[in-house]
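The figures that follow rest on heavy atoms only: side chains count, while hydrogens, waters and symmetry mates do not. Below, chains carry the letters A, B, ... as their sequence lines are ordered, and counting in each starts from 1.
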Amino acid sequence: MKCDREEVLKSYLKSEILKEKTGMSDEELMSANFTDDSGNILLEVVKKLILSYCKEDGDIVVLRNINNSLSQ
Amino acid sequence: MNAIEKKLYKINPVYLSDYEDMIKSHAQFGGGAADTKFTGGKSFSNVYEFYIYAFFIGLYKGLKQELVDDDKTKTFWEMESWKPRELVDYLLVCAIGQSKFDMIKIEKADDQEVVEQVKLLKQIIEQYANGGLKYISEILQEQEDLVDDHAFFIKMLSECVDN
Amino acid sequence: MIINSISMKNFQCYYGDLERNTLIFKEGLNIVIGDNGAGKSKLFDAFYWVLYDRVFSTDSREFVSTNVFKDKLISEKAKHGCEIGGTVEVEVVLLAKASVGTEFRISRLYNAKKLTDREWECDPASRMMISEKKAVNWSLVDRAKHDSVLRRVIPDHLKPYMWFQGEQVDSLMDFRDKTTLTKAINLLSNIDIYDDLMAISKKGQDKAVRAFRKAQNKVSKDKDKSETLNSKRRGLEERVGKLRDSIENNKEQLEIAKDKIEELIGRVDEASDKAELKKKKEYLEKSLDEESTRLDSKYNGLHKKMFTDYWVLKHASPFFDNYSDKYRSYFDAHNKAVTAENAQEVKLPINIPQPIHVNQMLDEEKCFVCGREAHKDTPEYDHIKSLLVRQEVDAKKGPFVNDCSKMFQGIYDNALGFKQLISNIDNNVAEEFASIHKLIESMDDKKKEISDIHERFEGLLEGDESENIVNAFRTHETNREKYHELVAEDGKRLASIESELAKVIAEIDKLVEGSIDSAAEQANTIFNDLVAVAESVRTNVFADLIVELEQEANSLFKGMSENNPAIKGRIKLKRISSGSYIPVIVDANGYIMHNPNDSNLVLVKLSLIMSIILSRGKRAERFTLITDAPTAKMATNYTKGFYSVLSEKFTQSIVATYDFLNAEDRSQLSGFNMGSVYLLQSYTPGGDPDNRSDLEVEIARIA
C-alpha cells in the first residue's frame with residue numbers, strides 16, 4: 001500500500017507517548033511538518049523514519065538515515 | 001553536632017550472614033521509590049527497616065544474640081542514613097537505657113575511651129537486632145505459610161508482651 | 001478499472017463464438033440473472049480464468065489451475081461437435097478501461113486436440129495476451145508488464161474480498177476464527193505501514209542497545225562483573241517478555257470465556273430477568289474489583305505503618321523509662337560538674353599567681369614567687385607565660401572533653417514526644433485491622449451474591465435448554481475465574497521481575513567509571529522512545545480502524561435491513577486481546593445473539609466485508625465488485641437492502657444471481673444506479689434437457 005507520509009506523520013503527532021517523550025505542546029506538535037526543523041531530536045527522528053520509509057528505502061537505509069540525523 | 005553525636009550516627013551495625021536470605025526475601029535491597037518496593041511484595045522498603053524492626057522484637061522479647069569475632073556478618077547502611085531520624089533517636093534511647101554506655105564518662109573520655117563507649121552501644125544494638133532476627137527466622141522456619149500472611153510482621157509485633 | 005465486457009468462446013457451458021457469448025457492462029449495479037445451472041458460476045469462472053488461469057472446482061471446493069482442470073474447461077457441445085484429430089479453441093476476452101481512458105484487452109486462449117471421443121490432448125498451459133489502446137490502435141503489452149495490468153484490474157490482496165462466490169462469504173468472515181477479521185483488516189487497511197515502521201524501530205533499538213551496552217562495558221570498573229550482570233539482565237528481560245506473552249494469552253482466554261458465557265446467557269428467553277441479573281452482576285464485579293484494589297493497598301500499607309505511624313514502638317515505653325532514669329542521673333552529675341567548674345574559674349590553686357600578677361611578671365621579666373630573672377625568650381619567661389595560656393584554655397573547655405548534654409536532651413525530648421502516640425498505637429492497629437476485616441467481609445458478601453446470580457442463570461438456562469448447556473455454562477465460568485487469577489498472578493510476578501531487572505540495571509550503571517560514549521547513550525534513549533511511540537501509534541491507528549469499521553459496517557447493515565423488521569441485531573467488533581478482534585452480533589441489550597437466522601448472518605458478513613473494502617482508499621471507486629450468488633442463503637425479502645447498498649457504494653458491481661428471475665421482482669431495482677441487466681438461460685436446442693453435449697447458454701440483455 002502506497003504510503004501517504006502526511007497522513008502517517010499526522011497519526012504519529014497525535015500520539016500521547018510522543019507528546020510525553022518530546023515534552024512538546026499539542027500546538028507545537030500539530031504544526032510540525034517535514035520542512036521545518038522542530039528542534040526536538042525525537043520528533044526529527046520520527047520524521048526521518050517516515051520520510052525514508054515512504055520513499056521506499058529499505059530498512060538498513062532507513063536506519064542509516066536516522067543514525068546520520070542523530071550524529072548531526 | 002559534636003564529635004560523639006557524629007560517631008553515634010556513624011554506627012554501622014551488622015547482622016549474621018545466616019539471616020541474609022531471610023532479609024532479602026522481606027526487604028528491598030538498593031534504592032528506588034517506596035511504592036514500587038511494595039509492589040514487589042516486600043514488607044520492608046530497606047534492610048535498615050527490617051533491622052530496626054528486628055531490634056525492637058529482640059528488645060521486647062528480651063532476646064539478645066552475642067556476636068563474636070569469628071562470626072560471618074554482613075553490613076549495610078550507617079545509622080545516619082536510616083529514616084525517619086526520630087525513630088532512630090528513639091532506638092538510641094532504648095539502646096542507651098539497656099546498655100552499659102556511660103553517659104557521664106563519655107563526656108570526659110579521651111578518644112580511646114569514646115571508641116569503647118560507642119562500641120558498647122553498637123554491641124547492644126547488634127545483640128538485640130540479631131536476637132530479633134533469630135526469633136523471626138525460627139518462626140518462619142516452623143510455619144512456612146506465614147510468608148503469605150500480609151500482616152505477619154504486625155501480628156508478631158502485637159504478640160510481644162509489655163515488659 | 002471499469003470492466004466493459006466479457007466474451008467467452010467454448011468456455012464451459014458457453015458454447016460458440018466470442019460474439020455470441022458477450023456481456024457488456026456499465027458503471028453501476030450490473031445484474032446477471034439466471035436460475036440454477038444457467039451458467040452464473042461459469043460466468044464468474046470466466047472472470048477468474050482470464051486473469052488468473054484458474055477456475056473454481058465444485059468437486060474440491062477450491063480454485064484449480066487450467067492444467068489440472070484440462071478439458072473440463074471446454075464446452076461439451078464444442079467437444080462433441082469436434083471431429084477426431086480436430087482442435088477446439090477456448091477463449092475468454094475481458095475488456096476494461098482505466099480511469100485515465102486507456103483501454104485494456106485481456107484474453108486467454110487454450111486449445112485441445114481431440115484424440116478419441118473421450119480423450120483430449122490439451123495444451124500444457126493456457127496463453128494470456130494483453131493489449132492496450134491509448135488512442136486509436138491496440139498494441140501488445142510486454143509480458144513483463146502483465147502483472148501490473150492485472151493488479152490494476154483487481155489487486156491481489158483485494159481479490160478475495162471483491163471477487164467472491166456466495167459460498168465463500170462464510171469462510172471470508174468466519175466468526176469462529178479469531179484471526180479472520182484481523183487478517184482482513186491487516187490486509188485491506190494501511191496498518192501494514194505502521195507495522196513496518198514499528199519493526200524498523202525495533203531493529204534500530206536492538207542495534208542501539210547492543211552498542212550502548214558495549215560502550216558501558218568499556219568504562220566499567222569491573223568488566224567481569226558487568227558481563228555477569230548483563231547476562232543476568234538478558235535472562236530477566238527474556239522472562240519479562242515471556243510473562244507478558246503469557247498475560248496476553250490468558251487475557252485472550254479470559255475474554256473468550258466471558259464471550260461464551262455471554263452467548264449462553266443470550267440464549268435465555270427471560271429477557272427482563274436476564275437484563276436485571278446481568279446489570280447487577282456487572283455492578284458487583286466492578287465493586288469487587290475496586291475493593292480488591294483497596295485491600296491490596298491496605299495490605300501493602302500495613303507494614304509501612306510500622307515506620308510511618310511508628311507502630312514498631314508499640315511496647316517501647318518501658319525502655320524509655322530506663323533511659324529516663326539513666327538520663328536523670330546523668331543530668332545531675334553533668335550539672336554538678338558544670339557548677340564546680342564555674343566555681344573553679346573564680347578560685348585559683350594557692351601556689352599559682354593571679355592573672356594580673358602573671359602579666360606583671362611578664363612585663364617586668366621577673367618571677368615574683370622565686371625572685372629569679374625571666375627574660376623574654378628564656379625558658380623561665382615561657383614557663384610564666386604558659387600559666388596564662390592554660391587558664392584561657394581551661395576557661396574555654398569547661399569541665400568536659402565532649403559536652404553531650406544537648407544530644408542527650410534532644411533524644412530525651414524526642415522520645416518523650418512519642419508518649420501520647422505510643423499509647424494510641426493499640427487503638428490505631430485495631431482500627432486498621434477492623435477496616436481490613438470489614439473490607440474482606442464485604443468482598444465475601446459480594447462473591448456470594450455473584451455466585452447466587454450464576455446459580456439463577458443456571459436455573460434460567462435449565463428451564464430453556466439441555467443439561468449440556470448448563471454444564472457448558474459452568475465450565476466457562478470456571479475458566480473465567482481461572483484465567484482471571486492467572487492474569488493477576490502473572491501480573492504480580494511480572495512486577496517482581498521488573499523490579500529485580502531495575503535493580504540489576506542500576507548495579508550495572510553503578511559500575512560505570514567515567515562517561516559513556518554520548519552518541520551511543522543518545523541513540524539508546526532515542527530508539528527506546530521511538531519504539532514506544534511506534535507501538536502506541538500502531539495500537540491507536542488499529543483501534544481507530546476498528547471504530548470506523550464498526551460504524552461503517554453497522555451503517556451498511558442498517559441500510560441493508562431498513563425495510564425488513566425481521567432483521568435483528570447490530571455488529572460489534574469485540575476485542576479479545578491486543579490486536580485481535582472478533583465480530584459478534586448483539587441484540588438491543590448488548591447480548592450476543594445465539595444462532596441468528598442465516599439471512600441475518602449473511603447480511604452481517606457481507607456488511608463487514610464491504611465495510612472493510614470501503615473503509616480506506618477509493619477501492620469501491622477504482623475496482624469492480626464481482627460476486628456470484630452472494631444472497632444464496634438469504635430469504636427473498638432480505639436481498640433488496642443488499643443491492644441498494646451495492647448500487648450506492650460501488651462505482652461498478654457485477655452480480656450473478658437468481659434473484660429477480662421473476663419480472664415483478666425486478667421492479668425493486670428501480671431507483672437504483674443500474675448498469676446492465678442480463679438474463680441467462682441454459683438450453684439444449686435439440687430439445688433434450690439431459691443432453692449435456694447439446695448445452696448452450698442464451699444471453700439476453702433485458703436492461
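For the pair Arg152(C) and Phe104(C), the cation-pi test (distance below 6.0 Å, angle within 45°) is failed.
Residue Val62(A) touches chain C through its side chain alone, counting heavy-atom pairs closer than 4.5 Å. Contact annotation for Ser11(A): both backbone and side-chain heavy atoms come within less than 4.5 Å of a heavy atom of chain C. Of the atoms belonging to Ala199(C), not a single heavy atom falls under 4.5 Å from chain A. Interface remark: Ile60(A) contributes no atoms to any contact with chain C (heavy atom separation under 4.5 Å). Contact annotation for Ala519(C): neither backbone nor side-chain heavy atoms come within less than 4.5 Å of a heavy atom of chain A.
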After noting the C-alpha distance and the side-chain angles of Glu237(C) and Arg234(C), does the key distance pass the salt bridge (Lys or Arg N to Asp or Glu O under 4.0 Å) rule?
-> CA-CA 5 Å; Glu237(C) 278 170 353; Arg234(C) 282 190 292 272; over 6 Å; no
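For Ser52(A) and Asn65(A), the side-chain atoms include at least one donor-acceptor pair closer than 3.5 Å.
The local environment of NZ in Lys203(C) is sparse, with at most 12 non-hydrogen atoms from other residues, nucleotides or ligands closer than 6.0 Å.
Between Glu7(A) and Lys10(A) there is no salt bridge, since none of the side-chain N atoms of the basic residue sits less than 4.0 Å from a carboxylate O of the acidic one.
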